[in-house]
Amino acid sequence: MKITGVSTAALRGNFEWILVRVATDEGVIGLGECYWGAGVETVVRRLAPVVMGEDPHNVDWLYQKMVRGMSGAGSTGGTVVAAISGIELALWDIKGQALGTPIYNLLGGRYREGIRVYADCGHGREATPAAWAERARNAVDLGFTAIKFDIDNIAPERFADPHHVGAGRRAGWLSGQQRPLSNAEIDLIVSLVGAVREVIGPHIDLALDCHWNYNTRDAIQLARELAPLRLMWLEDPTPPDNVEALKRVTDASPVPICTGENHYTRHGLRPLITTQAVDVVQPDIPKVGGLLEAKKIADLADIYYLPVAAHNVCSPVGTLAACHVCAGMRNFAVLEFHAQDVDWWDDLVLGDRPLIRDGYVTLPDAPGLGLTLNEDVARAHLADGATLFE
Ligand code: MG
């Protein structure tokens, strides 16, 4: 079997969903997805000649060949690794179909038949306890047993420095401000999250995302103030670059600290794991290097007794691919679902739906990924100027 074509399709989901299609001379077609980002499709096209004519069964070697092929462009992170990941996912889909078995059987087999997912809830519709409680209740009513809220930047009009460059125009978390947390902001966060905990009760898991916004001391203080709410984790309290600073937070925090979505490949995750700078490891699978890279990261984390909670903002394609490898991680905890508000998320694929029932994805037994793209739905949601695998 030989690879004969690599193409992409960018869809307008709640993020840009970049699907990858890899064709072969035997008619087997593989489907993958890359984490979004400027230039990802361009890199996928640049990688096509690297894999063209090769046997898609040799996934690990082709991964290394793609890394080597793009080394000058920076294949240790960023867009290049996301593009490689999308192709890698599609190679597993081809291999599973060719061998007549689900992908999870090729990655060590399963520890579990259903993959637990948590619902990302973002913010409440406004910064009030009632609005946050309503948002939480809606997710729990859908059957999720774990949820996550974003606690950074809840009320920038109240807490952002009005004299900071760019204030007022980009008050959001993209502003580049790293402002200290005031007692007033901490009190607001605690009241909103407290309302969530009260409405969901003590046994629904609750995580909070900080999006890299705080300094080390504020992050530690915040964790202490939130500890009575019994969190599943506090995510990305400090910027992703300095592992030693993050370790200082983790060592002092009474709440588990989770990080990983902005780190790439096993090399990028290694210091987080081997120095135990995190309590929960959070690779984004179609961004970190793909399924086998994620499995290697999970195994490294496992020998440090750290659980994996995979980050995920994908369409059903990337989400289901992630489920195949999560099924085979001994130390898997939970996978993100970020598309509660996309009412056509399930419609993008044909077959048994909804994909998520009572907070779990049941893995299909069909060969490969086990899904078929609904091309009509995909075409209806193409990003501006995009084509479907042309
Ligand atoms: Mg996050």
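Keep in mind that the numbers below use all heavy atoms, side chains included, and drop hydrogens, waters and symmetry copies. When a ligand or atom number is given, it counts from 1 through the structure's own listing order.
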Metal check, the Mg ion (ligand 1) vs Asp236 N/O/S, cut-off below 2.8 Å: no

How is the hydrophobic cluster of Val81 composed, in terms of its other members, when Ile, Leu, Val, Met, Phe, Trp and Tyr link through side-chain heavy atoms under 4.5 Å apart, directly or indirectly? Tyr264

Please name all residues satisfying salt bridge (Lys or Arg N to Asp or Glu O under 4.0 Å) with Lys95, sequence neighbours left out, ordered by chain then number. none

Between Asp150 and the Mg ion (ligand 1), is there a contact where an N/O/S atom of the residue lies under 2.8 Å from the metal? no

Flag the pair Thr259 / Thr250 as yes when at least one side-chain heavy-atom distance between them is below 4.5 Å, and no otherwise. no

Can you tell me the N, O or S atom of Asp209 that's nearest the Mg ion (ligand 1)? OD2

For N/O/S atoms only: which one belongs to Glu235 and is nearest the Mg ion (ligand 1)? OE2

Would you call the rings of Tyr118 and Trp233 parallel, tilted or perpendicular if under 30° counts as parallel and over 60° as perpendicular? perpendicular

Nearest atoms (heavy-atom pairs only) where Asn14 meets His338: ND2-O, 2.6 Å

What N, O or S atom of Glu261 is found closest to the Mg ion (ligand 1)? OE1

